[in-house]
Visitor: 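The structure under discussion is supplied below as structure tokens; questions concerning it will follow.
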Amino acid sequence: MSLKYKRILLKLSGESLMGDKSFGISQKKLQHYADEINTIMSLGVELAIVIGGGNIFRGLDAKASGIERAQGDYMGMLATCINGLALQSTLEANGMYTRLVSAIEMKEIAEPYIRRRAVRHIEKGRIVIFSAGTGSPYFTTDSAAALRANEIHADVILKGTRVNGIYNVDPEKDVNAIKFDQVSFEKVISMGLKVMDMTAFTMCQENNVPIVVFDITKKGNLYRVVTGKEEGTLVSG
Ligand code: GTP
């Protein structure tokens, strides 16, 4: 089976880890991710994962609780570490080799982020899970995905979501929404399409890192994207 992408940065949202719960981590979702990831590891891809934390805490929502933004963002970063530990455990229970890396030093539970070391892990076939976002407040986990993808020279960012790509209008609000199979960075900006936040998106554009937005909840989709089948929406230069 031919690979379209060899070195991949997979972005998983924290929120999707909830499954049908309203909070926390669904074991069923973790297992789904492990199954999907297992199918591509056997193809010989090099994989790094950035995981979000929205199932536990979202920095942006902090204000409503009277918590200042930067403080809330740090809480969100810690949430990504909890998710990272859970994902690591499930991937390993399914026979995969992993290293959990944190952008905020907490060496008792995760390796500190050292770029060249993370790259060596990936070259050795270990799945590197990047947690704690960028380590700085005011940046989303999408920005962490864009940053790490650039740092490790990933061929692509695969953004696993609940929708099967990018539409001209919100498909949940308009039944006539049209899906793009491919779209340029420029068009995403000129049409105001939602792919990632702008900080993350422009980093990908400036460094020409393609992004594929696809529905990761559907079995086999990750495999289809990686092997070049038409799936989701490809954003490229
Ligand atoms: P190689 O040098 O390629 O053999 O990499 P390695 O990761 O196997 O070597 P190392 O001996 O550094 O790591 C062994 C285990 O300890 C791995 O599971 C690492 O994730 C873990 N580890 C290494 N450094 C740290 C750290 O600072 N904190 C934590 N919590 N774990 C670490």
Side-chain angles (χ1 to χ4, degrees), residues 1 3-56 77-103 109-111 113 118-119 121-133 141-142 144-145 148-149 152 154-164 211-229 231-232:
M1 182 57 71
L3 282 178
K4 184 164 183 195
Y5 308 108
K6 170 79 176 164
R7 184 169 292 181
I8 294 164
L9 189 300
L10 175 65
K11 165 76 206 306
L12 296 175
S13 86
E15 264 159 26
S16 61
L17 271 185
M18 289 191 290
D20 43 25
K21 296 159 59 146
S22 58
F23 175 83
I25 299 171
S26 145
Q27 182 54 37
K28 210 170 127 197
K29 278 281 160 187
L30 279 176
Q31 187 57 48
H32 170 75
Y33 285 151
D35 291 340
E36 294 301 289
I37 291 165
N38 224 344
T39 65
I40 63 163
M41 291 316 288
S42 59
L43 296 171
V45 301
E46 296 177 335
L47 183 67
I49 299 174
V50 168
I51 186 142
N55 54 323
I56 299 169
M77 286 181 238
L78 294 179
T80 71
C81 298
I82 294 174
N83 286 338
L85 285 163
L87 184 64
Q88 175 176 48
S89 185
T90 308
L91 294 178
E92 291 193 339
N94 284 268
M96 288 169 265
Y97 296 93
T98 70
R99 293 291 182 268
L100 178 64
V101 168
S102 171
I109 59 170
E111 290 182 32
Y113 175 61
V119 170
H121 284 323
I122 294 165
E123 287 169 352
K124 288 179 178 175
R126 298 163 182 157
I127 300 169
V128 172
I129 304 167
F130 291 120
S131 64
T141 43
D142 276 350
R148 296 294 185 240
I152 68 167
D155 301 323
V156 69
I157 294 178
L158 303 184
K159 187 173 154 108
T161 67
R162 285 174 303 150
V163 277
N164 65 347
I211 306 163
V212 178
V213 179
F214 72 106
D215 179 3
I216 197 172
T217 64
K218 199 167 146 223
K219 192 170 183 292
N221 269 3
L222 179 61
Y223 184 91
R224 287 175 56 77
V225 172
V226 170
T227 53
K229 306 287 182 310
E231 197 57 63

Visitor: Go through the steps for Leu100 and Ile109 under the test side chain to side chain contact (heavy atoms under 4.5 Å, CB included), then give the verdict.
Guide: CA-CA 8 Å; Leu100 178 64; Ile109 59 170; 5.8 Å; no

Visitor: Does some side-chain heavy atom of Thr161 sit less than 4.5 Å from a side-chain heavy atom of Lys11?
Guide: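 No; the side chains remain at least 4.5 Å from each other.
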
Visitor: For residues Leu3 and Val226, determine if any side-chain heavy atom of one lies less than 4.5 Å from a side-chain heavy atom of the other.
Guide: yes

Visitor: Report yes if some heavy atom in the side chain of Asp142 is under 4.5 Å from a heavy atom in the side chain of Lys159; otherwise report no.
Guide: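 Side-chain contact under 4.5 Å: yes.
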
Visitor: For Leu17 and Leu30, run side chain to side chain contact (heavy atoms under 4.5 Å, CB included): C-alpha distance rounded to whole Å, both residues' side-chain angles, the deciding distance at 0.1 Å, then the answer.
Guide: CA-CA 7 Å; Leu17 271 185; Leu30 279 176; 3.6 Å; yes

Visitor: Please report the closest heavy-atom contact between Arg7 and Ile122, naming both atoms and the distance.
Guide: NE-CG2, 4.0 Å

Visitor: Identify the heavy atoms of Val128 and Ala118 that sit nearest to each other, and give their distance.
Guide: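 Nearest pair, atom of Val128 first, then Ala118: CG2-O, 3.8 Å.
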
Visitor: Indicate the atoms forming the closest heavy-atom contact of Gly133 with Thr141, along with that distance.
Guide: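 What the structure gives for the nearest pair is CA-CG2, 4.4 Å.
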
Visitor: If we check side chain to side chain contact (heavy atoms under 4.5 Å, CB included) with Tyr223, which of these qualifies: Thr227, Val225, Asn221?
Guide: Thr227

Visitor: Quick check: does any side chain N or O of Ser42 sit under 3.5 Å from a backbone N or O of Thr39, one acting as donor and the other as acceptor?
Guide: yes

Visitor: Does atom NZ of Lys229 have more than 12 heavy-atom neighbours from other groups under 6.0 Å away?
Guide: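 Counting neighbours around NZ of Lys229, more than 12 heavy atoms of other residues, nucleotides or ligands fall under 6.0 Å, so yes.
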
Visitor: To the nearest 0.5 Å, what is the distance between CD1 (Ile51) and CZ (Phe130)?
Guide: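 That separation rounds to 13.5 Å.
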
Visitor: Report the C-alpha separation of Thr90 and Gln27 in whole Å, then their side-chain angles, then the decisive distance to 0.1 Å, and conclude whether the side chain to side chain contact (heavy atoms under 4.5 Å, CB included) test is met.
Guide: CA-CA 9 Å; Thr90 308; Gln27 182 54 37; 4.2 Å; yes

Visitor: Check the surroundings of atom NZ in Lys219: do more than 12 heavy atoms from other residues, nucleotides or ligands lie under 6.0 Å from it?
Guide: no

Visitor: Hey, could you give me the CE/CD1 distance between Met18 and Ile25, rounded to the nearest 0.5 Å?
Guide: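 Those atoms lie 11.0 Å apart.
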
Visitor: Between Asn94 and Ala34, which heavy-atom pair has the shortest distance, and what is it?
Guide: ND2-CB, 3.7 Å

Visitor: Output the distance between atom CZ (Arg162) and atom CD (Glu15), rounded to the nearest 0.5 Å.
Guide: 7.5 Å

Visitor: Does NZ or CZ of Arg224 lie under 6.0 Å from the centre of the six-membered ring of Phe214, at an angle within 45° of the ring axis?
Guide: no

Visitor: Looking only at non-hydrogen atoms, find the nearest pair between Ile56 and Ala79 and report the distance.
Guide: CB-CB, 3.7 Å

Visitor: Once you round to the nearest 0.5 Å, how far does CG of Leu222 lie from NE2 of His32?
Guide: 8.5 Å

Visitor: When you measure from the side chain of Glu36 to the backbone of Gly220, do you find a donor-acceptor pair of N or O atoms at a distance under 3.5 Å?
Guide: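 Judged by distance alone, yes, a pair lies under 3.5 Å.
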
Visitor: Provide the closest heavy-atom pair for Glu111 versus Arg99 in the form atom of the first, atom of the second, distance.
Guide: OE2-CD, 3.1 Å

Visitor: Within the 4.5 Å heavy-atom criterion, are Ile127 and Met41 side-chain neighbours or not?
Guide: yes

Visitor: Rounded to the nearest 0.5 Å, how far apart are CG of Leu87 and CD1 of Ile82?
Guide: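 Output value for this atom pair is 14.0 Å.
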
Visitor: Could you walk me through whether Ile37 and Met96 pass the side chain to side chain contact (heavy atoms under 4.5 Å, CB included) test, one step at a time?
Guide: CA-CA 9 Å; Ile37 291 165; Met96 288 169 265; 3.8 Å; yes

Visitor: Evaluate the side-chain proximity of Ile129 to Leu91: yes if any heavy-atom separation is below 4.5 Å, no if none is.
Guide: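 Touching, per the 4.5 Å side-chain cut-off.
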
Visitor: Would you check if Asn83 and Leu12 make a side-chain contact, meaning some heavy-atom pair closer than 4.5 Å?
Guide: no

Visitor: When rounded to the nearest 0.5 angstrom, what distance separates CD1 in Ile49 from OG in Ser131?
Guide: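 Here the rounded value is 11.5 Å.
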
